[in-house]
Number of protein chains: 2
Amino acid sequence: MPLPQTEMPGRLQAHFAERGIRMTQQRRAILRVMETATKHLDAAQLLRKAQKLDASVDRSTVYRTLQLLKRHGLIDELDLMHIHGEGHYYERKLNRDHIHMACLRCGKIMEFVSDIFEKLKGQVEKDCRFRIVVSRLEIGGYCAGCRGAK
Amino acid sequence: MPLPQTEMPGRLQAHFAERGIRMTQQRRAILRVMETATKHLDAAQLLRKAQKLDASVDRSTVYRTLQLLKRHGLIDELDLMHIHGEGHYYERKLNRDHIHMACLRCGKIMEFVSDIFEKLKGQVEKDCRFRIVVSRLEIGGYCAGCRGAK
DNA sequence: GATTCAGTTGCAAACGAGTCGCAACTATAG
DNA sequence: CTATAGTTGCGACTCGTTTGCAACTGAATC
Ligand SMILES: [Mn+2]
Ligand SMILES: [Mn+2]
Ligand SMILES: [Zn+2]
Ligand SMILES: [Zn+2]
């Protein structure tokens, strides 16, 4: 299942312009990669893809831009159950939150949108008087295909 | 809110005995710390506390034991929104799963048990034909006390 | 209790992800 | 075009975690 493309590409750059954040060659490359990504990317993958658009992009600029995007709530950071090492994965934050499932056997990552999840967040906000800024539900287990084996 | 103490201490050691896992001085110290912890511990805190019970405990043994406990599904690993650095936190897995909320302003960690969360996991298992082994819902935002300020 | 050996340990070195200080550069406003 | 605050690449660094290895030890067997 590909990432739902419910926002048009260019949206991240537009956000930067609206909020008066300086646009640079390097940021343009990094944002473009995030905007057109069809899967969750880690920092190293993001760097490699961005360098294809602008060879000068440095690793530290990728990390600095990821921090910027996080601070502005434009991307989500995921562990994906640390199936491959200790690093993090990133994806654009879309209008609709979703759950991530990682198969512990084949490594497949699945996404799932649920009204019950929205209801649960509503319950937390109300019952705990907690203002939710970011939420992350990650599940590890066995996918349909791997259920039989094990 | 302290961790709910619904399982008796000694339970981790009992689990090891049942499954024929070798018990050592060092493991005894580490398990005792996990069993009696009243908050989420990172590897460094766990090491320090375990060394008070057995000064010979080494950092690498702590990590190896954490891996062992994870593999046996006896503990959960948390990010707690990476409020303090890139490390992980650990807690015993109790009968009842719970949600973690981290206040982005004061750093407080809150826990919350919810039937809706159980229902959501049921939906994932059914609708996605996914066998859940471990699940982690972490929420970042502002606690009741910090809502007013910003 | 002594013997045995697979499993476990401490140590030191290595690793991977992420951060930081700094001098050079550049996007943008005037 | 100029001035300047913000951004960059670079290299060195921190931090959390892993690993290879020789020495040790728990517990099963005698
Ligand atoms: Mn996703
Ligand atoms: Mn993490
Ligand atoms: Zn699978
Ligand atoms: Zn707070």
Atom-pair distance ([atom1] on [X]; [atom2] on [N]), nearest Å:
{"X": "A/R22", "N": "C/dC25", "atom1": "CZ", "atom2": "P", "value": "16 Å"}
{"X": "A/R64", "N": "D/dC10", "atom1": "CZ", "atom2": "P", "value": "11 Å"}
{"X": "A/I30", "N": "D/dT8", "atom1": "CD1", "atom2": "P", "value": "7 Å"}
{"X": "B/I21", "N": "C/dG7", "atom1": "CD1", "atom2": "C1'", "value": "12 Å"}
{"X": "B/L78", "N": "D/dG16", "atom1": "CG", "atom2": "P", "value": "16 Å"}
{"X": "B/E86", "N": "D/dG16", "atom1": "CD", "atom2": "P", "value": "9 Å"}
{"X": "A/H82", "N": "C/dC15", "atom1": "NE2", "atom2": "C1'", "value": "16 Å"}
{"X": "A/M23", "N": "C/dA29", "atom1": "CE", "atom2": "C1'", "value": "17 Å"}

Determine: side-chain N/O of [X] to OP1/OP2 of [N], distance under 4.0 Å, yes or no.
{"X": "B/Y63", "N": "D/dT18", "value": "no"}
{"X": "B/Q26", "N": "C/dG10", "value": "yes"}
{"X": "A/H88", "N": "C/dA17", "value": "no"}
{"X": "B/T24", "N": "C/dT9", "value": "yes"}
{"X": "B/Q25", "N": "C/dT9", "value": "no"}

Would you say the side-chain atoms of [X] pair up with the backbone N or O of [Y], donor to acceptor, closer than 3.5 Å?
{"X": "A/Q45", "Y": "A/D42", "answer": "yes"}
{"X": "A/E77", "Y": "B/M81", "answer": "no"}
{"X": "A/E138", "Y": "A/D79", "answer": "yes"}
{"X": "B/R131", "Y": "B/E125", "answer": "no"}

Does A/K121 make a cation-pi contact with A/F117 (under 6.0 Å, within 45 degrees of the axis)?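 Verdict for A/F117: a cation-pi partner in A/K121.
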Got a sec, which residues hit side chain to side chain donor-acceptor pair (under 3.5 Å) with B/R71, two or more places apart in sequence or on another chain?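 Per chain and number, B/R71 pairs via side chain to side chain donor-acceptor pair (under 3.5 Å) with no residue.
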What is the nucleic acid contact for [X], judged by heavy atoms within less than 4.0 Å: base, sugar-phosphate only, or nothing?
{"X": "A/G85", "answer": "nothing"}
{"X": "B/A43", "answer": "sugar-phosphate"}
{"X": "B/R27", "answer": "sugar-phosphate"}

Specify the residues of residues 49-61 of chain B, ordered by number, for which at least one heavy atom lies under 4.0 angstrom from an atom of DNA chain D.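 Contacting residues: B/R59, B/S60.
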Chi angles and distances behind the ring pair (Phe, Tyr, Trp, His ring centres under 6.0 Å) call for B/H82, B/H84: CA-CA 5 Å; B/H82 287 306; B/H84 311 287; over 10 Å; no
I want to confirm an ordering. Mapping A/V62 and B/R28 to their closest nucleotides on DNA chain D, which one lands closer to the 5' end?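 That would be A/V62.
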